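Values in this document were obtained by computation on a predicted structure and should not be read as measured data.
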Amino acid sequence: MINVPLSALEVAMVQTGARATDALRDTTEFARRLEDLGYLRLWYAEHHHSPAIGAFPPVVLTAHAAALTSSIRLGSGGVLAPNHAPIMLAEQFGTLAALHTGRIDLGIGRGPGTFDESTARALRRGAGPTSDDEYRNDVSATLHFLVDEVALGPLPEPWLLSSSTAGAALAAELGLPIAFAHHIRPDNTLSALHHYREHFSPSRWCERPRVLICVETVCAETQEEAARLGGPMEVVKAGLLKGRGDIPFPTPEEAAAHSFTAEETQALASFRAQQAYGAPEIVAKQLTNLADVTGADELMLVTPVYALADRLRSYELVKQHIMMPTAS
């Protein structure tokens, strides 16, 4: 059994043949069901100009879900600092925190949220990639504006998203809890967390190192069904391995008919082995092992499968087979 809280990341996959509005509708039902299941928090990721993922601003989804739920924590996982003015992030999430006291998180990340260079330039109003110093200044300014400018009272809980040691170093320097993207860069997880814990400086936001690990999780009644449900994301990842972010999210049947190269098959298998895929007892063991090895304070599950019903069933099975402590 696992002894840390479980949460969820919503990436709003857009099914082949469906409209983005269908994915948007699904996010509403997903939030309601996750709260019923007792998950601690639900975060929304920022993406742009992808045929596989809806371009839904995390702040809007957070506001919508917060109005329709009563207890689950909600927020960004994350908003991408280079795409936004710090004072606007502070105003948006500060307002949400004032409206929904004790329920709003502000997870901040660095990536552009797109593989399309013209979209990235449009988001940054023509500016190039942000430097390390610029990113640090943006995060620091956002935190400053939350406290000294917006000052609405209740504050959102800030987190720094990271997939590298550099991001972990910034979280440690600023004294922020870290949400590590094990579902993106699993090979970086242990070294980054070691650096974070070794160099952590307590702050008003966090007195001690605090670690959330995001892990790709597909749970089904059988190993074979979990593999089938995970097939569509395998196709998208194979495209990303080639530097292509324009791959639509296929049906499980289309994914089953897809031909992978030997190199893709090996890379995908290596990645999948570091995540949590399979029948409930297998997933329970994988998640427990990951929590133990990383010393995580919380696990966040991301489940990129084609149909909402299958995605919810995965979260239900995890809940049924893993003891999840109640949040204090």
Subject >> Lys/Arg N to Asp/Glu carboxylate O, Lys319 vs Glu316, below 4.0 Å >> reply: no

Subject >> Lys NZ or Arg CZ of Arg311 over Phe30 ring: under 6.0 Å, within 45° >> reply: yes

**OP:** Could you tell me the separation between the OG atom of Ser162 and the NE2 atom of His182, rounded to the nearest 0.5 Å?
**Re:** 13.5 Å

**OP:** Locate the shortest heavy-atom distance separating Ala12 from Thr27; write the atom from each residue and the value.
**Re:** CB-CG2, 4.2 Å

Original post:
Please walk me through it: do Val302 and Val11 pass side-chain contact (heavy atoms from CB on, under 4.5 Å)?
Top reply: CA-CA 8 Å; Val302 56; Val11 292; 4.2 Å; yes

Subject >> More than 12 heavy atoms of other groups within 6.0 Å of Gln266 CD >> reply: no

Subject >> Test ring-ring contact (aromatic ring centres under 6.0 Å, His included) applied to His64 - qualifying residues, sequence neighbours left out >> reply: none

Original post:
Roughly how far, to the nearest 0.5 Å, is OH of Tyr315 from CD of Gln320?
Top reply: 15.0 Å

**OP:** Apply the test salt bridge (charged side-chain N to carboxylate O under 4.0 Å, His left out) to residues Arg19 and Asp22: give CA-CA distance (whole Å), side-chain angles for both, the deciding distance (0.1 Å), then the verdict.
**Re:** CA-CA 5 Å; Arg19 301 168 301 170; Asp22 296 324; 3.2 Å; yes

**OP:** State which residue, out of Arg272, Arg185, Lys237, fulfils the salt bridge (charged side-chain N to carboxylate O under 4.0 Å, His left out) condition with Glu216.
**Re:** Lys237

**OP:** Take Ser201 and Glu173 through the test side-chain contact (heavy atoms from CB on, under 4.5 Å) and record every step on the way to the result.
**Re:** CA-CA 6 Å; Ser201 297; Glu173 176 190 344; 6.0 Å; no

Subject >> Check against side-chain contact (heavy atoms from CB on, under 4.5 Å), Glu91 and Glu149 >> reply: CA-CA 9 Å; Glu91 289 177 350; Glu149 299 291 337; over 6 Å; no

Subject >> Donor-acceptor contact present, side-chain Tyr306 to main-chain Gly231, <3.5 Å >> reply: no

Original post:
When hydrophobic residues are tied together by side-chain contacts of less than 4.5 Å, even through go-betweens, does Val235 share a cluster with Tyr277?
Top reply: no

Subject >> Heavy-atom side-chain contact between Ile53 and Val14 under 4.5 Å >> reply: no

Subject >> His258/Phe260 aromatic ring centres below 6.0 Å >> reply: yes

Original post:
Does one side chain, of Thr217 or Gln275, offer a donor that lies under 3.5 Å from an acceptor on the other?
Top reply: no

Original post:
Is any NZ, NE, NH1 or NH2 atom of the basic residue among Arg73 and Glu35 found under 4.0 Å from an Asp or Glu carboxylate oxygen of the other?
Top reply: no

**OP:** Give a yes or no on whether Leu6 and Ile72 share a hydrophobic cluster (residues Ile, Leu, Val, Met, Phe, Trp, Tyr; joining criterion: side-chain heavy atoms under 4.5 Å apart).
**Re:** yes

Subject >> Whichever hydrophobic residues join Trp205 through chains of side-chain contacts under 4.5 Å >> reply: Val59, Val60, Val79, Leu89, Phe93, Leu96, Ile104, Leu106, Ile108, Tyr135, Val139, Leu143, Leu146, Val147, Leu155, Leu160, Leu170, Leu174, Leu176

Original post:
For the residue pair Asp138 and Pro82, what are the closest heavy atoms and their distance?
Top reply: OD2-CA, 4.3 Å

Original post:
Between Tyr44 and Phe56, does the ring centroid distance fall short of 6.0 Å?
Top reply: no

Subject >> Shared hydrophobic cluster, Leu229 / Leu317 (ILVMFWY, side-chain heavy atoms < 4.5 Å) >> reply: no

**OP:** Go through the steps for His194 and His199 under the test side-chain contact (heavy atoms from CB on, under 4.5 Å), then give the verdict.
**Re:** CA-CA 9 Å; His194 175 75; His199 295 87; over 6 Å; no

Original post:
Do you know the tightest heavy-atom contact between Arg110 and Ser131?
Top reply: NH2-C, 3.3 Å

Original post:
Any ion pair linking Glu253 and Arg228 (charged N to carboxylate O, less than 4.0 Å)?
Top reply: yes

Original post:
Do the side chains of Phe180 and Tyr196 join up, straight or via other hydrophobic residues, at under 4.5 Å, putting them in one cluster?
Top reply: yes

Subject >> Min side-chain heavy-atom separation Leu299-Leu212 under 4.5 Å >> reply: no

Original post:
Do NZ/NE/NH1/NH2 and the carboxylate oxygens of Arg136 and Asp133 come within less than 4.0 Å?
Top reply: no

Original post:
When you check the side-chain N and O atoms of Ser70 and Arg103, is any donor under 3.5 Å from an acceptor?
Top reply: no

**OP:** Flag the pair Asp26 and Arg33 as a salt bridge only when some basic side-chain nitrogen lies within less than 4.0 angstrom of an acidic carboxylate oxygen.
**Re:** no

Original post:
Got a sec: does the CD of Glu281 have more than 12 other heavy atoms crowding it under 6.0 Å?
Top reply: yes

**OP:** Give a yes or no on whether Ile322 and Val218 share a hydrophobic cluster (residues Ile, Leu, Val, Met, Phe, Trp, Tyr; joining criterion: side-chain heavy atoms under 4.5 Å apart).
**Re:** no

**OP:** Flag the pair Glu264 / Glu234 as yes when at least one side-chain heavy-atom distance between them is below 4.5 Å, and no otherwise.
**Re:** no

